[in-house]
Amino acid sequence: YGEHDMAENIVHLVLARVQGAPEGVKGISLFVVPKFMVNADGSLGARNDVHCVSIEHKMGIKASPTAVLQYGDHGGAIGYLVGQENRGLEYMFIMMNAARYAVGMQGIAVAERAYQKAVQYAKDRVQSRPVDGSINASAAIIHHPDVKRMLMTMRAYTEGCRAMASVAAAAYDAAHHHPDADTRKVNAAFYEFMVPLVKGYSTEMSLEVTSLGVQVHGGMGFIEETGAAQYYRDAKILTIYEGTTAIQANDLVGRKTARDGGQTAKGIAAQIEQTEAALLASGTDTAAVVAKRLKAARHAFLDVVDFVAGNTKASPNAVFAGSVPYLMLAGNVVAGWQLARSLLVAQDLLAQGQDEAFMRSKISTARFYADHLLSKAPGLRDSIVEGADSVTALAPEAF
Ligand SMILES: Cc1cc2nc3c(=O)[nH]c(=O)nc-3n(C[C@H](O)[C@H](O)[C@H](O)COP(=O)(O)OP(=O)(O)OC[C@H]3O[C@@H](n4cnc5c(N)ncnc54)[C@H](O)[C@@H]3O)c2cc1C
């Protein structure tokens with residue numbers, strides 16, 4: 001939104017250097033640069049020297065005017081220092097962390113919309129007879145097992161990521177407002193660990209979900225008129241801005257895992273283990289299956305945490321070759337864990353006779369996530385712990 005006519009004035013937050021600032025990121029300050037200067041009485045004053053020289057043509061999010069801005073070509077733009085000189089990057093990260101969480105939510109939102117549209121289409125589009133002969137004529141495609149698999153994948157990913165983001169938000173609140181200092185500290189560490197997962201995992205999953213949304217629509221999905229393709233195009237930017245998935249993964253490896261020797265990650269694994277015990281104690285077959293998958297995924301996660309914590313300094317290439325897969329594994333495990341927790345709640349409420357159809361859907365979705373998505377975790381562990389050599393084997397000249 002660098003340039004538009006929806007508001008009288010536009011305020012740009014700009015990173016720049018003051019004269020004589022130290023080299024590199026230590027010399028970056030933050031400024032407010034308005035499009036129009038503001039008079040003492042609040043009215044708009046002179047035009048500032050910041051001009052939009054073009055609006056980008058993009059793959060998606062076409063209603064958002066991403067602008068190329070030119071500063072100071074006509075004598076110099078006036079900017080107001082925010083806070084202290086040379087602390088701009090630090091200030092930017094306050095906004096950046098909130099933005100990373102928000103972009104994760106964008107991923108979940110676009111995934112939900114793609115899912116709703118796909119469900120609607122799958123109930124409407126008639127094509128082929130069901131394989132089980134249950135309908136002796138062409139039926140709505142939602143009767144085909146593979147269409148259901150796609151819809152369940154979309155639903156499980158979206159619900160899992162939404163639950164993960166909600167738990168992260170609650171931890172953020174507790175980190176700021178809980179009366180007990182130790183509880184605030186634990187929640188702060190948990191939230192910090194969650195930010196790259198909410199951003200990285202939810203946005204990568206939104207790409208898969210919106211792609212499946214196109215696939216459910218078949219040929220019509222590729223035709224712009226249905227609108228399914230727009231979600232796919234819109235979702236792609238989410239894995240890029242506010243730090244690409246690899247940048248989130250670098251954060252997860254360096255600041256969130258290696259720095260504390262994997263302690264926060266292991267604390268999360270200990271909580272997951274408690275959920276496994278609760279699942280087993282609940283006594284249902286479904287809960288037992290989910291507990292089994294969750295346990296396998298937790299072990300895979302712990303193996304990778306040990307690998308990352310133990311090797312980041314000594315063998316950085318080996319660890320960072322698997323940094324994005326580690327992010328995907330961690331996001332997968334946390335989202336699957338949250339759906340396992342929701343299964344426990346749904347089982348209890350079902351036993352109390354509450355909203356049977358909704359509770360059964362929750363239980364089925366958690367089971368699907370465990371069977372089809374959590375089950376990928378051990379494979380990812382193998383790729384990360386044993387696969388680094390083949391990532392880095394080729395020299396740049398060999399490409
Ligand atoms: C539509 C749109 C809107 C934007 N809005 C804003 C905005 O409002 N404000 C703003 O400041 N910026 C904005 N950006 C910029 C955006 O944040 C960056 O494009 C993004 O962070 C990626 O940085 P880059 O383009 O420099 O990619 P690069 O850093 O060049 O990345 C290229 C590739 O290399 C990888 N890579 C780079 N470094 C590493 C590393 N250390 N480890 C592993 N892999 C690495 C990346 O993951 C990526 O795959 C916007 C961009 C777009 C497209």
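Counting begins at 1 with the first residue of the sequence. For ligands, and for the atoms within them, numbers begin at 1 and follow the listed sequence.
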Heavy-atom side-chain contact between [X] and [Y] under 4.5 Å:
| X | Y | answer |
| --- | --- | --- |
| P378 | R381 | yes |
| F36 | I10 | no |
| S361 | R155 | yes |

Under-4.0 Å protein heavy-atom contact, [atom]:
| atom | result |
| --- | --- |
| atom 21 (O) of ligand 1 | yes |
| atom 32 (C) of ligand 1 | no |
| atom 18 (C) of ligand 1 | no |
| atom 44 (N) of ligand 1 | yes |
| atom 10 (C) of ligand 1 | no |
| atom 7 (C) of ligand 1 | no |
| atom 41 (N) of ligand 1 | yes |

Give the numbers and elements of all ligand 1 atoms closer than 4.0 Å to a heavy atom of [X].
| X | value |
| --- | --- |
| A246 | 43 (C), 44 (N), 47 (O) |
| K58 | 1 (C) |
| I240 | 20 (C), 21 (O) |
| G243 | 21 (O) |

* Just go through Y1, Y241, F320 and tell me whose heavy atom is the nearest to atom 16 (C) of ligand 1. =>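 Going through Y1, Y241, F320 one by one, Y241 has the nearest heavy atom to atom 16 (C) of ligand 1.
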
* May I ask which of I61, L13, I237, T245 has a heavy atom nearer to atom 52 (C) of ligand 1 than the others do? =>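 Shortest heavy-atom distance from atom 52 (C) of ligand 1: I237.
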
Can a salt bridge be assigned to the pair [X] and [Y] using a cut-off of 4.0 Å between side-chain N and carboxylate O?
| X | Y | result |
| --- | --- | --- |
| E192 | R255 | no |
| R298 | E276 | yes |
| D182 | K185 | no |

* Asked: What protein heavy atom is closest to atom 37 (C) of ligand 1, reported as residue, atom name and distance in Å?
  ->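 Protein heavy atom with the smallest distance to atom 37 (C) of ligand 1: I247 CD1, 4.7 Å.
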
* Asked: Under 4.0 Å from ligand 1, counting heavy atoms only, is it the side chain of E242, its backbone, both or neither?
  ->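 E242 to ligand 1: backbone contact only, side chain stays beyond 4.0 Å.
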
* Over 60° means perpendicular and under 30° means parallel, so classify the ring planes of H51 and H74, tilted if in between. =>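 Perpendicular.
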
* Where does the angle between the aromatic ring planes of Y326 and F301 fall among parallel (under 30°), tilted (30 to 60°) and perpendicular (over 60°)? ->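 Answer is parallel, since the angle falls under 30°.
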
* **Backbone N/O of L373 and side chain of N332: donor-acceptor pair under 3.5 Å** =>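 Yes: the side chain of N332 pairs with the backbone of L373.
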
* When you look at Q347 and L350, which way does the side chain to side chain contact (heavy atoms under 4.5 Å, CB included) test go after all the steps? -> CA-CA 5 Å; Q347 280 189 163; L350 187 63; 5.7 Å; no

* Report yes if N250 has an N/O atom closer than 3.5 Å to an N/O atom of ligand 1; otherwise report no. =>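 Yes, there is a polar N/O contact under 3.5 Å.
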
* To do: Say whether T244, considering both its backbone and side-chain N or O atoms, lies within less than 3.5 Å of an N or O atom on ligand 1.
  =>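 By distance alone, the answer is yes.
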
* To do: Supply the atom-to-atom distance Y157 OH to H372 NE2, rounded to the nearest 0.5 angstrom.
  =>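 Taking OH in Y157 and NE2 in H372, the distance rounds to 12.0 Å.
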
